[in-house]
Amino acid sequence: ILLAIPYGLAGFFGASAIVAFGAAGIALIIVTQHVSLGSILTANTQTLDRRRLLTDNSLIYLHGLLEKSHRNADILLIGVMIGGAATGIYRAALAIAEMLWKAAYAVQTALVYELADSWDDSDLKTVNNKLQRSVRLNFLFVVLLASGLYTLADEFIPLYFGSEYV
């Protein structure tokens, strides 16, 4: 809303900050109704296997770092080989593809958490059925997003990236 008023980009960032702080405040109120803040600050008496926790998380961070460096290397190579305009178009297309990947990853993560109880119970038939369903749902979700993006590309690209990419 603040973009339409003459506040421009500063208004947009200000409104984003206000919304973020407001959402954080509402979340804090909701959390404090269910959990006391003192219990968050006190140490947990249960011991964690810190070595396993660090090794599992380090592999996840390493994967994210390598994936991000791969995308940046692509952008640098295209910039050197082809030039600035093609690099801008590639970065725009890559940003859209990343949104589709992140949406698919979010759906996959949400559906995989359903598997934890069945996996702990060693109910492999239920795990297999849920995995098949989650793959089908995730594939359908990505196909719907991609076909919607393809259908609305003429309206979406200028709106998202501006007229200089058209």
Side-chain angles (χ1 to χ4, degrees), residues 1-28 31 48-116 118-119 127-166:
I1 294 174
L2 289 176
L3 273 177
I5 306 172
Y7 291 112
L9 195 57
F12 172 73
F13 287 128
S16 296
I18 291 169
V19 168
F21 283 118
I26 291 171
L28 184 63
V31 167
L48 294 173
D49 185 8
R50 293 187 178 168
R51 177 178 294 266
R52 182 173 177 222
L53 186 66
L54 288 174
T55 56
D56 290 348
N57 285 336
S58 64
L59 291 176
I60 291 170
Y61 290 131
L62 179 65
H63 176 263
L65 180 69
L66 290 174
E67 182 182 351
K68 185 72 172 171
S69 66
H70 179 258
R71 286 195 302 266
N72 288 335
D74 283 353
I75 291 169
L76 288 174
L77 286 173
I78 289 175
V80 169
M81 292 178 170
I82 299 174
T87 305
I89 292 170
Y90 178 73
R91 286 187 78 176
L94 193 59
I96 293 172
E98 284 177 359
M99 284 190 297
L100 290 175
W101 295 333
K102 288 178 183 176
Y105 183 73
V107 170
Q108 174 189 349
T109 303
L111 292 175
V112 165
Y113 280 118
E114 289 184 21
L115 296 176
S118 300
W119 188 265
V127 169
N128 197 17
N129 290 337
K130 286 183 178 182
L131 276 174
Q132 288 176 358
R133 184 174 52 117
S134 68
V135 168
R136 283 193 305 261
L137 287 173
N138 204 8
F139 179 73
L140 178 64
F141 181 66
V142 171
V143 166
L144 287 173
L145 282 178
S147 62
L149 185 62
Y150 176 77
T151 305
L152 298 172
D154 293 334
E155 291 83 16
F156 178 74
I157 300 292
L159 177 71
Y160 189 73
F161 295 109
S163 59
E164 60 269 7
Y165 283 100
V166 179

Which donor-acceptor pairs under 3.5 Å do side chains of residues 92-104 form with protein atoms, sequence neighbours excluded?
{"unit_1": "Glu98", "atom_1": "OE2", "unit_2": "Arg71", "atom_2": "NE", "d": "2.5"}

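- Of the candidates Asn138, Leu145, Leu140, Asn138 is the only one forming a side-chain contact (heavy atoms from CB on, under 4.5 Å) with Val142.
- You'll find the side chain of Asn128 reaches within 4.5 Å of the side chain of Gln132, heavy atoms only.
- Distance check, rounded to the nearest 0.5 Å: CZ of Phe21 to CD1 of Ile26 gives 14.0 Å.
- The shortest side-chain heavy-atom distance between Val80 and Leu76 does not fall under the 4.5 Å cut-off.
- The distance from atom CD of Glu155 to atom CG of Leu149, rounded to the nearest 0.5 Å, is 11.0 Å.
- Checked against side-chain hydrogen bond (donor to acceptor under 3.5 Å, both in side chains), Tyr105 has no partners two or more places apart in sequence or in another chain.
- Inter-residue side-chain proximity for Ile82 and Thr87 is flagged as unmet; no heavy-atom pair is nearer than 4.5 Å.
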